[in-house]
Amino acid sequence: GGLFAIIAGFLNFFMFSYNEYRYELMVAEGVCSNDDNGNIIHEDELTLCKYVKYTIFDWVKTLFCH
């Protein structure tokens, strides 16, 4: 049961944080139309690769910067 609980917890965190990032991008798309460079923010630009990069950065920040 221990290994399954670890894997299930990891997948749970992975999916909930993905939905959180998509929701935040959807809200940002409605509130702010441009970023600092004048580019338009779109929810559809969140690819799996970008999501994994943001998640790894978030884990590193949480583990080593607090």
Side-chain angles (χ1 to χ4, degrees):
L3 183 59
F4 180 72
I6 292 171
I7 293 171
F10 173 76
L11 289 175
N12 186 22
F13 174 78
F14 193 76
M15 291 307 296
F16 277 125
S17 62
Y18 179 74
N19 289 334
E20 180 182 348
Y21 283 131
R22 297 231 5 149
Y23 174 74
E24 289 174 358
L25 285 173
M26 182 179 63
V27 170
E29 186 177 343
V31 174
C32 311
S33 60
N34 296 341
D35 65 0
D36 294 337
N37 297 328
N39 299 326
I40 298 173
I41 300 169
H42 294 289
E43 176 190 1
D44 300 333
E45 294 177 359
L46 181 65
T47 61
L48 182 63
C49 184
K50 283 185 182 180
Y51 169 68
V52 170
K53 287 180 189 178
Y54 289 137
T55 304
I56 291 171
F57 175 76
D58 194 28
W59 287 346
V60 169
K61 183 182 75 169
T62 300
L63 291 174
F64 298 111
C65 295
H66 287 288

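Connection of F57 to Y18 is not established within any shared hydrophobic cluster, with ILVMFWY side chains joined at heavy-atom distances below 4.5 Å, either directly or through further cluster members.
The two residues Y21 and Y54 make their nearest non-hydrogen contact at OH-O, 3.8 Å.
V27 places a side-chain heavy atom less than 4.5 Å from the side chain of Y23.
Note that CG of L25 and CD of E20 are 10.5 Å apart. Values are rounded to the nearest 0.5 Å.
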